[in-house]
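Step one of this worksheet: look at the structure below.
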Amino acid sequence: MEGLSGVTAQSMADEDQANAKAFRFENTAAGLTQMPLLVLTADDGLAPDSDALVHAIAAQGGHKVTAIHVATDHSWSDHRIALESTILTWLAGLH
């Protein structure tokens with residue numbers, strides 16, 4: 001946890017819970033429709049939130065999203081070279 005004045009782990013958890021709808025990934029979709037975006041997910045339980053963002057961007061006309069899911073852990077421990085290669089290839093395609 002970062003050292004923020006007056007902030008505790010419980011106060012951060014309470015803020016997340018109180019603002020769960022406002023803090024959803026897909027709420028940022030409108031601002032991302034024209035931006036190239038690489039969305040990488042793993043088997044860490046977070047893929048549904050990322051998938052919702054990808055679908056929300058597409059629903060608003062965004063077509064510059066590359067979404068890739070790999071069956072690995074959150075740190076991509078057994079797919080680090082593939083992760084590096086994927087990112088470098090995606091970046092090279094941006095021109």
Side-chain angles (χ1 to χ4, degrees):
M1 184 172 87
E2 295 293 325
L4 301 173
S5 180
V7 175
T8 66
Q10 186 61 51
S11 70
M12 287 193 304
D14 291 345
E15 181 181 11
D16 271 353
Q17 200 166 39
N19 295 289
K21 287 183 182 178
F23 290 170
R24 294 176 73 152
F25 278 163
E26 63 264 27
N27 293 340
T28 63
L32 297 171
T33 58
Q34 300 303 312
M35 181 176 294
L37 186 64
L38 176 62
V39 178
L40 302 170
T41 58
D43 291 342
D44 58 3
L46 301 174
D49 292 328
S50 298
D51 292 343
L53 173 62
V54 169
H55 292 300
I57 291 169
Q60 294 190 30
H63 301 289
K64 297 180 180 181
V65 179
T66 301
I68 298 170
H69 180 85
V70 174
T72 188
D73 63 5
H74 182 78
S75 299
W76 292 59
S77 299
D78 57 347
H79 284 77
R80 294 271 174 89
I81 293 172
L83 174 62
E84 175 187 0
S85 178
T86 298
I87 293 169
L88 291 174
T89 300
W90 182 81
L91 287 170
L94 292 179
H95 308 269

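All heavy atoms count here, side chains included; hydrogens, waters and symmetry mates do not.
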Inset, instruction - Taking atom types as modelled, find out whether His79 and Asp73 have a side-chain donor-acceptor pair closer than 3.5 angstrom. - result: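 Distance-only check fails for His79 and Asp73.
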Among the clusters formed by ILVMFWY side chains lying less than 4.5 Å apart, do [X] and [Y] turn up in the same one?
{"X": "Trp90", "Y": "Val65", "answer": "no"}
{"X": "Leu37", "Y": "Leu88", "answer": "no"}
{"X": "Leu32", "Y": "Leu38", "answer": "no"}

Taking all non-hydrogen atoms of both residues into account, name the closest pair between [X] and [Y] and its distance.
{"X": "Trp76", "Y": "Ala42", "answer": "NE1-CB, 3.8 Å"}
{"X": "Arg24", "Y": "Ala20", "answer": "CG-O, 3.1 Å"}
{"X": "Ala29", "Y": "Gln60", "answer": "CB-NE2, 3.9 Å"}
{"X": "Ser75", "Y": "Arg80", "answer": "O-NE, 2.8 Å"}
{"X": "Pro36", "Y": "Leu94", "answer": "CB-CD2, 3.6 Å"}
{"X": "Asp43", "Y": "Ala71", "answer": "OD2-CA, 3.2 Å"}

Inset, instruction - Flag yes if more than 12 heavy atoms outside Leu91 fall under 6.0 Å of its CG atom; otherwise flag no. - result: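 Counting neighbours around CG of Leu91, more than 12 heavy atoms of other residues, nucleotides or ligands fall under 6.0 Å, so yes.
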Legend entry - Atom NE2 of His74: over 12 foreign heavy atoms under 6.0 Å: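 At most 12 heavy atoms, drawn from other residues, nucleotides or ligands, come within 6.0 Å of this atom.
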Inset, instruction - Report the distance from atom OG1 of Thr66 to atom NE2 of His63, rounding to the nearest 0.5 Å. - result: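 Atom-to-atom, Thr66:OG1 and His63:NE2 are 13.0 Å apart.
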Check whether any side-chain N or O of [X] sits under 3.5 Å from a backbone N or O of [Y] as a donor-acceptor pair, and report yes or no.
{"X": "Thr89", "Y": "Ser85", "answer": "yes"}
{"X": "His55", "Y": "Leu53", "answer": "no"}
{"X": "Lys64", "Y": "Met35", "answer": "no"}
{"X": "Asn27", "Y": "Lys21", "answer": "yes"}

Legend entry - Passing candidate, side chain to side chain contact (heavy atoms under 4.5 Å, CB included) with Val39, options Val54, Asp51, Ile57, Ile68: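 Checked Val54, Asp51, Ile57, Ile68 against Val39; only one passes side chain to side chain contact (heavy atoms under 4.5 Å, CB included): Val54.
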